[in-house]
Undergrad: 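What follows is a structure written as structure tokens; I'll ask about it next.
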Amino acid sequence: MGFSLKNPLIAGSSGLTNSVGSIKQLEKQGIAAVVLKSLFEEELVCQIPSDKDSHYPYQKTKDYVAHQSKYSSIEEYIRLIEEAKKSVSIPVIASINCISAYEWTSFSKRIEAAGADALELNIFVMPSDPMMGSSDCEKVYFEVLTEVRRKIKIPIAVKISPYFSGMTKMAMKLSWTGINGLVLFNRFYSPDIDIETIKTVPGKLLSSPDEILNSLRWVALLSDRVLSDIAGSTGAHDAAGVIKYLLAGARAVQLTSTLYKNGFEQIGIILNDLSAWMERHHFETIPEFLGSLSLKKSEDPADYERFQYIKTIGPPDKAE
Ligand SMILES: Cc1cc2nc3c(=O)[nH]c(=O)nc-3n(C[C@H](O)[C@H](O)[C@H](O)COP(=O)(O)O)c2cc1C
């Protein structure tokens, strides 16, 4: 991404990064960069005056956001960037959560002008429209990136979902667009069903450490193949999670749920435990082990693909 981070820990986008006070605390506890709480495309399309009809398709979501938005004006988000930049010396990465390349993209220029060090785009096209095949969904990513890249010069990271039918090719193609970072993965806040009220209810908000495995596999599979830096995201709750992501080839690790569950002191604990692990394994610097278990460098690349699966649940051993 073009930053020299003091350590690999980045605070992921969440409510913990939507105030200057909280960002200052994160820096004090040792975090190396922050991704601000996202501004949602819905907030932008609600507030950007447009002489055309809006293309935004989810009217119910848009109406909800128009009522609820904390950033009652886009100006508040801009002020958050400006104030954060004045108050901390770590990189401040703005974030936009979007589903299209429509009206909102011009706003990215204001993010750059406010001083953000980079922009993370959390793009998620829900593949629920029966008229949209995988290539239609993928096209949206390239439209967004083309539009935003045309408008700003600061580094761009894309936070993607794990739901692509051709993940490796898609990630490679995204990296060829000139983006600087890929964040693997966004964790979906999926709805649950309450069987007593017989209604849909919000699902589990925070991740657990075992949720790391899917992102970890893909970091290992992709880190030698994409041109952009990769940040591991989802399920890194402690130093072990961070170390696993680094071994798989991530150049940084985003933390969110663990900061909600364990407080900002967890940053110092992770950094101490990371140092202790490095000492135990005789590593003086992170590059000495970064990516040493990526697909290409792993002694047994088949482990990341079908082998473990077949070994675990496939035909029984001859001895059995
Ligand atoms: C309360 C909460 C708010 C979040 N808000 C955002 C957001 O605004 N934008 C975004 O890209 N991700 C958001 N996320 C997702 C996190 O950035 C992260 O990708 C996800 O929680 C997985 O990482 P973790 O396992 O370390 O929690 C949010 C997560 C939580 C728990």
Undergrad: Got a sec, which pairs hit salt bridge (charged side-chain N to carboxylate O under 4.0 Å, His left out) with one end in residues 273-289, sequence neighbours left out?
TA: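 Of all non-adjacent pairs touching residues 273-289, none passes salt bridge (charged side-chain N to carboxylate O under 4.0 Å, His left out).
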
Undergrad: Using the side-chain contact (heavy atoms from CB on, under 4.5 Å) rule, take Leu259 and Leu26 through it: C-alpha gap first, then chi angles, then the decisive distance, then the call.
TA: CA-CA 10 Å; Leu259 302 179; Leu26 285 162; 3.9 Å; yes

Undergrad: Checking the side chain of Glu41 only, and the main-chain atoms of Ile96 only, is there a donor and an acceptor separated by less than 3.5 Å?
TA: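 Absent.
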
Undergrad: Does any donor atom in the side chain of Ser208 or His237 lie under 3.5 Å from an acceptor atom in the other side chain?
TA: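 No, because no side-chain N or O of Ser208 sits under 3.5 Å from a partner of the opposite role on His237.
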
Undergrad: For Phe40, does its backbone N or O pair with a side-chain atom of Glu43 as donor and acceptor, under 3.5 Å?
TA: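 Yes; judged by distance alone, with no hydrogens or angles, the pair exists.
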
Undergrad: Any donor and acceptor pair, going by atom type alone, linking the side chain of Asn180 with main-chain N or O of Ile156 inside 3.5 Å?
TA: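 Yes.
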
Undergrad: Is the backbone of Leu174 close enough, under 3.5 Å, to the side chain of Thr177 for a donor and an acceptor to pair up by distance?
TA: yes

Undergrad: Keeping to residues at least two apart or across chains, list the salt bridge (charged side-chain N to carboxylate O under 4.0 Å, His left out) pairs with something in residues 170-191.
TA: Arg187-Glu211

Undergrad: What heavy-atom pair brings Leu5 and Ala33 nearest, and what distance separates the two atoms?
TA: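 Taking every non-hydrogen atom into account, CD2-CB, 4.0 Å.
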
Undergrad: Quick one: salt bridge (Lys or Arg N to Asp or Glu O under 4.0 Å) partners of Lys169, sequence neighbours excluded?
TA: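 Applying salt bridge (Lys or Arg N to Asp or Glu O under 4.0 Å) to Lys169 gives none.
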
Undergrad: Run the side chain to side chain contact (heavy atoms under 4.5 Å, CB included) test against Leu206 and tell me which residues pass, sequence neighbours left out.
TA: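 Per chain and number, Leu206 pairs via side chain to side chain contact (heavy atoms under 4.5 Å, CB included) with Ser257, Tyr260, Lys261.
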
Undergrad: Apply side-chain contact (heavy atoms from CB on, under 4.5 Å) to the pair Ile90 and Phe3, showing each step before the final yes or no.
TA: CA-CA 10 Å; Ile90 53 176; Phe3 310 133; over 6 Å; no

Undergrad: Just list the side-chain donor-acceptor pairs under 3.5 Å for residues 222-233, sequence neighbours left out, or say none.
TA:
unit_1 : atom_1 : unit_2 : atom_2 : d
Ser223 : OG     : Val219 : O      : 3.1
Ser223 : OG     : Ala248 : O      : 2.8
Asp224 : OD1    : Ser294 : OG     : 3.1
Asp224 : OD2    : Ser294 : OG     : 2.9
Asp224 : OD2    : Lys296 : N      : 2.9
Arg225 : NH1    : Leu221 : O      : 3.3
Asp229 : OD2    : Met1   : N      : 2.5
Ser233 : OG     : Phe185 : O      : 3.4

Undergrad: Whether the side chain of Arg110 engages the backbone of Ala113 through a donor-acceptor N/O pair (distance < 3.5 Å, no angle test) should be reported.
TA: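 Judged by distance alone, no pair lies under 3.5 Å.
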
Undergrad: Only pairs at least two apart or in different chains count here, so list each salt bridge (charged side-chain N to carboxylate O under 4.0 Å, His left out) that has a residue in residues 3-32.
TA: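 Matches after skipping sequence neighbours: none remain.
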
Undergrad: Who passes salt bridge (Lys or Arg N to Asp or Glu O under 4.0 Å) against Asp136, sequence neighbours left out?
TA: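 Salt bridge (Lys or Arg N to Asp or Glu O under 4.0 Å) list for Asp136, sorted by chain: empty.
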
Undergrad: List for me each residue that meets side chain to side chain contact (heavy atoms under 4.5 Å, CB included) alongside Thr200, sequence neighbours excluded, and say none if there are none.
TA: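 Counting only residues at least two positions away or on another chain, Thr200 forms a side chain to side chain contact (heavy atoms under 4.5 Å, CB included) with Ile193.
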
Undergrad: Quick check, are the ring centers of Phe164 and Trp218 under 6.0 angstrom apart?
TA: no

Undergrad: Just list the side-chain donor-acceptor pairs under 3.5 Å for residues 115-126, sequence neighbours left out, or say none.
TA:
unit_1 : atom_1 : unit_2 : atom_2 : d
Asp117 : OD1    : Lys85  : NZ     : 3.3
Asp117 : OD2    : Lys85  : NZ     : 2.8
Asp117 : OD2    : Val92  : N      : 2.8
Glu120 : OE1    : Gln254 : NE2    : 2.9
Asn122 : OD1    : Asn186 : ND2    : 3.2

Undergrad: Quick one: list whatever passes salt bridge (Lys or Arg N to Asp or Glu O under 4.0 Å) with Lys151, sequence neighbours left out.
TA: Glu147

Undergrad: Partners of Lys86 by salt bridge (Lys or Arg N to Asp or Glu O under 4.0 Å), sequence neighbours excluded?
TA: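 Here the qualifying residues are Glu83.
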
Undergrad: Apply side chain to side chain contact (heavy atoms under 4.5 Å, CB included) to Thr146 and list each qualifying residue two or more places apart in sequence or on a separate chain.
TA: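 Listed in chain order: Arg150.
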
Undergrad: Under the criterion side-chain contact (heavy atoms from CB on, under 4.5 Å), I'd like the reasoning laid out for Leu255 against Thr258: C-alpha separation, chi angles, the key distance, then a yes or no.
TA: CA-CA 6 Å; Leu255 309 174; Thr258 192; 4.0 Å; yes

Undergrad: Is the backbone N or O of Ser14 less than 3.5 Å from a side-chain atom of Thr17, with the two atoms forming a donor-acceptor pair by type?
TA: yes

Undergrad: Check whether any side-chain N or O of Tyr245 sits under 3.5 Å from a backbone N or O of Ser215 as a donor-acceptor pair, and report yes or no.
TA: no

Undergrad: Taking NZ, NE, NH1 and NH2 as the nitrogens, is one of them in Lys139 or Glu143 under 4.0 Å from a carboxylate oxygen of the other?
TA: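 Salt bridge between Lys139 and Glu143, a charged N being under 4.0 Å from a carboxylate O: yes.
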
